[in-house]
Amino acid sequence: MNRLPPFESSPAFASEEDRRDPLGIFRDRFHLPLGADGAPIIYFTGNSLGLQPVGAEAHVLEILEAWKTRGLDGHFSGPSPWLNYCEDLNSKVSVLVGADSTETVLMNALTINLHFLMASFYNPSAARYKVLVEQDAFPSDRYAIRSHVEWRGCDPENAILVLRPRGDETLLRTEDILTVIAESGSEIALVLLGGLNYYTGQLLDMEEITRAAHEAGCVVGFDLAHAAGNVALNLHDWNVDFAAWCTYKYLNAGPGGPGCIFVHARHSADSNLPALHGWWGQNIADRFRMLDNFAPARGALAFQISNPALLSTAPLKASLELFEEAGFPAILEKSRRLTGYFEYLLKTRIGEKATVITPGDPDHRGAQLSIRIHGGRDVFETLKSRGVSCDWREPGIIRMAPVPLYNSYSDVFQAVEALDDVT
Ligand SMILES: *Cc1c(COP(=O)(O)O)cnc(C)c1O
């Protein structure tokens, strides 16, 4: 099922693929940054900051206009009243992560949300107090977890259990994760892992990990910053307890775009779950009644604290419209083929000079390939100067992510050609 049709290493093949690409039309729906020569650069950093959808500006201006002309009334009137602005966006995001519409909510920013979610879902006791994390976790997650563990009065040296790859391997094996959970599960309060690792590009088997962790009595959360909008997710059916992600990577919300959380429906009726509340989490009928009593809104909505930052949410609306128009399954299908083509060209053109550390199995990765370059940092600098936008991670990894909504097969071909020239 995962077999890709044969590829060819020629510019003509890449152009023909672009011509036949049913999603090719979406490239023009984004602003592609231009290089010194006035031509679009090859943008392979959508894993860090997705490009601006052309429709974003109008959505931002609409809010500014409503504010300018209506003031406070913008909450209740105009083309998109602010009070309900996020409802439709929440439900469009929920589709992309395999959640019911009551299980996701846009709020705050990612790391902040990790803190709020840990306040609810990390409940250490004398016997069960550990947090299981992966060695290559994104630094912000590590700082958040460490500080949160200290905040709860635990010693991080003892309470943080780190998953490491075997020997000189770079990727985690599912069987090893399951073994740690089986052996130490009774001490683990929370399993909190990056669903798709930002550094290696490895996609974890979240369903299997969740099942094993629940069997051992642990709570399970995932950071999906690099997974949301990039790979197929089924958070509800996988029975994940909670998740958090940002919307400015594959979801193209722009710098500082809103965070999003998932809380499984089975927790929404759980009044024993501790939570830090604010007025925006009050049930909607009572939100503006300024009552003493807090009666939570339905589902994940109860976790909202403050009224949402709509100026930074508006661009997301444009992006989610494109996801809906293109259809997520079609986007995922193109992504597999595009990244498959990228990997094929790297193998046939670059060979020994670069090693892809991301899993070769398309079921265990998304758009991004992390490439160990033998030429060092100079290669990255030269690539950049040749109009290939990628990033460098010590000690020698270049991350490149062809994004199916706006990157083309010709982008991939030209990027590999540039890499071939400079290695
Ligand atoms: C991008 C990213 C972040 C960034 O956190 P913010 O709070 O949005 O600044 C955190 N964690 C992971 C895993 C990321 O990939």
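Nothing fancy with the numbering, it's 1 onward along the sequence. Just follow the structure's listing: the first ligand is 1, and inside any ligand the first atom is 1.
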Please report which non-hydrogen protein atom sits nearest to [atom], along with the residue it belongs to and the distance in Å to one decimal place.
atom                    : result
atom 12 (C) of ligand 1 : Phe138 CG, 3.3 Å
atom 1 (C) of ligand 1  : Lys249 NZ, 1.4 Å
atom 8 (O) of ligand 1  : Tyr248 OH, 2.6 Å

Under-4.0 Å salt bridge between Arg336 and Glu343: no

Between Asp223 and ligand 1, is there a nitrogen or oxygen pair with a distance under 3.5 Å? yes

N/O to N/O below 3.5 Å, does that happen between His226 and ligand 1? yes

Only one of Arg211, Glu207, Arg266 clears side chain to side chain donor-acceptor pair (under 3.5 Å) with Asn239; which? Arg266

Lys249 to Phe138 six-membered ring, cation-pi geometry met (6.0 Å, 45°): yes

Just how far is it from atom [atom1] of [X] to atom [atom2] of [Y], taken to the nearest 0.5 Å?
X      : Y      : atom1 : atom2 : answer
Asp100 : Asp237 : CG    : CG    : 8.5 Å
Gln202 : His226 : CD    : NE2   : 14.0 Å
Leu196 : Asp223 : CG    : CG    : 10.5 Å

Only heavy atoms of Thr111, strictly under 4.0 Å: list the atoms of ligand 1 that pass. 5 (O), 6 (P), 7 (O)

Side chain, backbone, both or neither: which part of Asp141 has a heavy atom under 4.0 Å from ligand 1? side chain

